[in-house]
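Data block below; observations after.
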Amino acid sequence: RKEVEQDPGPFNVPEGATVAFNCTYSNSASQSFFWYRQDCRKEPKLLMSVYSSGNEDGRFTAQLNRASQYISLLIRDSKLSDSATYLCVLFTGFQKLVFGTGTRLLVSP
Amino acid sequence: DTEVTQTPKHLVMGMTNKKSLKCEQHMGHRAMYWYKQKAKKPPELMFVYSYEKLSINESVPSRFSPECPNSSLLNLHLHALQPEDSALYLCASSRGQGAGEQYFGPGTRLTVT
């Protein structure tokens with residue numbers, strides 16, 4: 001079983017839509033969690049950390065469910081500029097990041 | 001300044017060449033990383049430096065040789081590469097090795113011919 005699993009997509013949504021991605025992880029000792037976004041042929045950029053209590057940053061909401069070992073990202077009022085690959089990332093006890101394969105989002109006019 | 005810079009942006013090299021990739025950050029971060037990313041795959045960790053000392057080597061072939069001359073600079077020396085080593089090489093930094101928030105440079109797109 002992969003350490004981090006994501007639906008590769010693509011998720012095709014119209015502008016203004018709400019879209020949600022989930023990510024499951026297998027290592028219950030994972031310490032912290034993040035969403036990164038990566039545009040085509042660009043570097044990954046930290047989007048947000050994910051906290052157990054859930055956290056929001058503008059149109060983006062992240063949730064963590066340790067009991068079920070999944071994290072989620074909700075994007076409200078999608079913009080064309082949200083089109084990217086969203087990487088679910090864990091920070092493990094081995095002091096390194098473990099990346100999911102990413103979920104591709106395409107927002108159309 | 002939250003920028004990590006990398007040079008060169010693109011590099012084409014033959015299998016007998018020796019070249020170096022360079023990375024620089026001025027955020028005062030004490031951990032620096034090299035990743036390799038193939039198309040449509042996530043980044044794969046290669047090396048981690050913490051306080052200028054190599055702390056993780058993910059069993060990378062010796063044709064890749066990292067160097068950390070000081071806390072702001074990270075190099076990756078390349079020698080006798082194979083065509084399958086063609087990829088995007090990303091440098092990243094973080095406050096410390098225990099920090100999951102990493103800042104990535106734009107990468108060097110390497111082609112080995």
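Chain A is the first sequence line, chain B the second, and so forth, proteins listed ahead of strands; every chain is numbered from 1. For the numbers below, each heavy atom of this structure counts, side chains included, while hydrogens, waters and symmetry mates do not. Please read all numbers here as calculations on a predicted model, not as lab measurements.
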Exercise. Decide whether Tyr51(A) and Ile71(A) are clustered together by the hydrophobic rule: side chain heavy atoms of Ile, Leu, Val, Met, Phe, Trp, Tyr closer than 4.5 Å, transitively.
Key: no
**Q.** Leu76(B) reachable from Met15(B) in the ILVMFWY side-chain graph, under 4.5 Å edges
**A.** yes
Within residues 100-109 of chain A, the residues sitting under 4.5 Å from chain B by heavy atom, in sequence order, are Gly100(A), Thr101(A)
| said: Atom NZ of residue position Lys2(A) - does it have more than 12 heavy atoms of other residues, nucleotides or ligands inside 6.0 Å? | reply: no
In the structure I gave you, are the side-chain heavy atoms of Glu101(B) and Ser49(A) within less than 4.5 Å of one another anywhere? yes
Here the gap from Ser55(B) atom OG to Lys96(A) atom NZ, rounded to the nearest 0.5 Å, amounts to 10.5 Å
- Item | Joint hydrophobic cluster, Phe91(A) plus Met48(A), side-chain heavy atoms closer than 4.5 Å | no
**Report entry** Residues, nucleotides or ligands: over 12 heavy atoms within 6.0 Å of Tyr70(A) OH
**Finding:** no
- Item | Gln37(B)-Gln38(A) side chain donor-acceptor pair, cut-off 3.5 Å | yes
(Q) Tell me whether the count of non-hydrogen atoms from other residues, nucleotides or ligands lying under 6.0 Å of CZ in Arg66(A) goes above 12. (A) yes
Going only through I, L, V, M, F, W and Y residues with side-chain contacts under 4.5 Å, is there a path from Phe34(A) to Val50(A)? no
_Gln102(B) vs Tyr36(A) side-chain heavy atoms within contact, under 4.5 Å_ = yes
**Request:** Starting from the C-alpha separation in whole Å, work towards a yes-or-no answer on side-chain contact (heavy atoms from CB on, under 4.5 Å) for Arg41(A) and Arg109(B).
**Result:** CA-CA 9 Å; Arg41(A) 299 180 70 81; Arg109(B) 196 162 295 279; 3.2 Å; yes
Among Leu46(A), Thr85(A), Leu97(A), the residue with the most heavy-atom pairs under 4.5 Å to chain B is Leu97(A)
### Message
Counting C-beta onward and ignoring hydrogens, is there a side-chain heavy-atom pair between Pro42(B) and Val98(A) closer than 4.5 Å?
### Response
no
If hydrophobic clusters are built by linking Ile, Leu, Val, Met, Phe, Trp and Tyr wherever their side-chain heavy atoms come under 4.5 Å apart, do Tyr86(A) and Leu90(A) end up in the same one?
yes
